[in-house]
Amino acid sequence: MSTPPNNFTPITGVISNGARDGKGRWLRGPGRPLGSKNRISSELAKQIRALGPRAVEALASAIDEKQSWAVQLVIKLVVPGRLIEMHGSEPADIRDAFESGEISADEMKQISSGLEKLASIESIQELRDRLTELEALIANK
């Protein structure tokens, strides 16, 4: 084990992140103290786990009854990210969705960036097509 540098001053009585003891070992940082109790008892945790099958039954029943909150909950938990139904992909449609609160500013930025890249790809393809036409015209002359 390596020895601490000569300019090392041991910290006594202070426990914080980045602190070391006299032998150069890391001290405990802030967090749950050793021996502290859990927020909920193990008995309560067992009771909550036992409710699981009943909760799933109730959720399935709510879905069968077409309760929107249950459907939304399952979709939120199952589908990664967020589903957004857009009514168009023009800049005005994106602005309307943002103004009505359907999408956040970050989502608007991502959508706009994606549309900009698609437009760029389309314009590059148009340029390639025009270049091919020009090359054909030059070759024919």
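None of the values given here were measured: they were computed from a predicted structure. Each residue takes its place number in the sequence, starting with 1.
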Is there a side-chain contact between Pro91 and Arg95 (heavy atoms, below 4.5 Å)? no
Nearest-0.5 Å distance that lies between atom CD1 in Ile103 and atom CG in Asp96: 9.5 Å
Residues in side-chain contact (heavy atoms from CB on, under 4.5 Å) contact with Leu59, at least two apart in sequence or another chain: Ile63, Trp69, Ala70, Leu73, Val74
To the nearest 0.5 Å, tell me how far Ser41 OG sits from Gln47 CD. 7.0 Å
How about Glu116: does its CD atom have over 12 heavy atoms from other parts shown lying under 6.0 Å from it? no
Would the distance check show the side chain of Ser123 and the main-chain N or O of Ser120 forming a donor-acceptor pair, the cut-off being under 3.5 Å? yes
Spatial distance of atom CG (Asp93) from atom CG (Leu115) [nearest 0.5 Å]: 10.0 Å
Out of curiosity, Met108 CE to Glu99 CD, how far, rounded to the nearest 0.5 Å? 9.0 Å
Assess the residue pair Glu102 and Ser100 against the criterion (side-chain hydrogen bond (donor to acceptor under 3.5 Å, both in side chains)); give the C-alpha distance rounded to whole Å, side-chain angles, the decisive distance to 0.1 Å, and a yes or no. CA-CA 6 Å; Glu102 294 176 27; Ser100 67; 3.3 Å; yes
Salt bridge (Lys or Arg N to Asp or Glu O under 4.0 Å) partners of Glu57, counting only residues at least two apart: none
So OG of Ser104 and CD of Glu107: to nearest 0.5 Å the spacing works out to 3.5 Å
Once rounded to the nearest 0.5 Å, what's the spacing between atom CD1 of Ile111 and atom CZ of Phe98? 11.5 Å
Sequence neighbours excluded, every pair satisfying salt bridge (Lys or Arg N to Asp or Glu O under 4.0 Å) that has a member inside residues 130-141: none
Show your working on side-chain hydrogen bond (donor to acceptor under 3.5 Å, both in side chains) between Gln125 and Asp129 and close with a plain yes or no. CA-CA 6 Å; Gln125 187 59 44; Asp129 293 343; 3.1 Å; yes
When you measure from the side chain of Thr132 to the backbone N and O of Arg128, does any donor-acceptor pair fall under 3.5 Å? yes
